[in-house]
Amino acid sequence: MELIFLGTGAADWKEPKKDGEYRGFTSTLIDGEILLDCTAHTLKRLREMQVDWAQISAVFFTHSHSDHCNPEAAGRLAEARRAAGLSPLKIYGESSWIAHVFTEGEGYWQLSALEPFQEVCLGAYRLLPLPSNHSSDYRLLAGSTGSGPAFKRETTLHYLLQAGGKAVLYALDGAWMLTGTWEALHGRQLDAGVVDCTIGPGHAGDYRIFEHNDLSMVQAMAQTLMAVTPYGPPILRTGAPIVLNHLAKTLHPSQKELDEMLRPPFIAAYDGMSLRL
């Protein structure tokens with residue numbers, strides 16, 4: 001399995017830093033055919049890498065925020081498949097919002113509404129949506145009660161991705177790990193973790209820790225994932241990399257400084273980085 005990190009930045013990357021360093025919004029390409037999130041930067045990076053947009057067969061969205069989901073960009077991928085005479089683009093997202101942001105029949109796509117803990121099989125790939133601790137303002141009117149309208153609020157998602165005997169936890173955006181997600185990982189072994197690390201070193205007390213991780217939070221979770229617990233053996237295999245992603249422009253030093261500071265198993269992702277498992 002190969003993961004290519006097309007974008008690795010949080011929502012504050014509107015423009016490059018003064019020294020020219022730049023990260024696009026987070027998006028990851030799996031084996032050249034499946035996207036995790038899709039934005040305008042995703043298309044730009046694919047073109048720079050000379051990846052034919054038509055070869056992207058599916059997009060799985062983590063949540064509806066604009067730095068992860070750009071419907072126009074996904075539509076352009078779908079049109080590339082139409083022009084190439086291929087089957088419609090498969091688009092997956094959590095059930096409260098996906099069919100309201102993407103309307104069936106308006107684009108060359110096939111929509112699938114996801115629910116946490118209900119696994120999706122796509123050829124050789126299995127993706128298990130897992131709930132994450134991240135804020136979303138998206139709410140769907142879901143009926144009414146005696147006291148007024150009832151809304152279903154978006155559940156943001158992480159994914160457990162499995163293919164070819166390998167397993168990866170793709171955990172962004174979100175702070176810590178919800179209990180149900182932790183329980184879903186019991187008895188499994190991960191070959192890599194890709195985790196939200198929006199907040200870098202030197203920002204103790206930052207208010208964003210309630211929906212994003214800082215480095216110390218990632219390190220604390222990693223310690224447990226690499227340990228024997230009452231629930232079984234370590235979840236992270238020995239030597240499994242932990243890739244720090246969704247790095248905020250205003251809360252992290254340069255890539256060079258991160259590379260010098262971090263020690264295995266921690267790796268700071270950068271745009272264009274490839275991870276082969």
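No experiment lies behind these values; they were computed from the predicted model shown. What you see below is based on every heavy atom in this structure, not just the backbone, and it leaves out hydrogens, waters and symmetry mates.
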Would you mind reporting whether [Y] and [X] have side-chain heavy atoms less than 4.5 Å apart?
{"X": "N213", "Y": "M221", "answer": "yes"}
{"X": "L172", "Y": "H134", "answer": "no"}
{"X": "I30", "Y": "E2", "answer": "no"}
{"X": "E33", "Y": "I56", "answer": "no"}
{"X": "C69", "Y": "W97", "answer": "yes"}
{"X": "F61", "Y": "Y92", "answer": "no"}
{"X": "L215", "Y": "M261", "answer": "yes"}
{"X": "L160", "Y": "L130", "answer": "yes"}

Assess the side chains of [X] and [Y]: does a donor N or O sit below 3.5 Å from an acceptor N or O?
{"X": "S136", "Y": "T156", "answer": "no"}
{"X": "S87", "Y": "R81", "answer": "yes"}
{"X": "S254", "Y": "E21", "answer": "no"}
{"X": "D173", "Y": "H68", "answer": "yes"}
{"X": "D259", "Y": "Y270", "answer": "no"}
{"X": "T8", "Y": "N245", "answer": "no"}
{"X": "D37", "Y": "T62", "answer": "yes"}

### Donor-acceptor contact below 3.5 Å, side chain Q162 vs main chain V168
no
### Summary
For T39 and S66 the tightest heavy-atom approach is CG2-O, 4.2 Å
#### Entry: Nearest non-hydrogen partners of D196 and V218, listed with the distance
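Where D196 meets V218 most closely, the heavy atoms are O-CG2, 3.6 Å.
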Spell out, yes or no, whether [X] and [Y] are grouped together once hydrophobic residues are joined by side-chain heavy atoms under 4.5 Å, including indirect joins.
{"X": "L6", "Y": "I91", "result": "yes"}
{"X": "L161", "Y": "L122", "result": "yes"}
{"X": "L178", "Y": "Y231", "result": "no"}

### Query
Hey, is CD on E104 packed in by over 12 heavy atoms from elsewhere, all under 6.0 Å?
yes
### Query
Counting heavy atoms not belonging to Y22, are there more than 12 under 6.0 Å from its OH?
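Yes, because the 6.0 Å sphere around OH of Y22 holds more than 12 heavy atoms from other groups.
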Strictly below 4.0 Å, N to O, side chains only: are [X] and [Y] in salt-bridge contact?
{"X": "D191", "Y": "R237", "answer": "yes"}
{"X": "R76", "Y": "E72", "answer": "no"}
{"X": "D19", "Y": "K17", "answer": "no"}

#### Entry: Intermediate values then yes/no, side chain to side chain donor-acceptor pair (under 3.5 Å), S95 and E115
CA-CA 6 Å; S95 62; E115 297 291 345; 2.6 Å; yes
#### Entry: Full working for ring-ring contact (aromatic ring centres under 6.0 Å, His included) between F25 and W13
CA-CA 7 Å; F25 294 153; W13 282 92; 9.6 Å; no
### Task
Please lay out, stage by stage, how L185 and L169 fare under the test side chain to side chain contact (heavy atoms under 4.5 Å, CB included).
CA-CA 9 Å; L185 296 178; L169 177 64; 4.0 Å; yes
### Query
Taking the six-membered ring where the residue is Trp, are the ring centres of F60 and Y159 under 6.0 Å apart?
yes
### Task
Check step by step if side chain to side chain contact (heavy atoms under 4.5 Å, CB included) holds for C197 and M217.
CA-CA 8 Å; C197 190; M217 294 160 69; over 6 Å; no
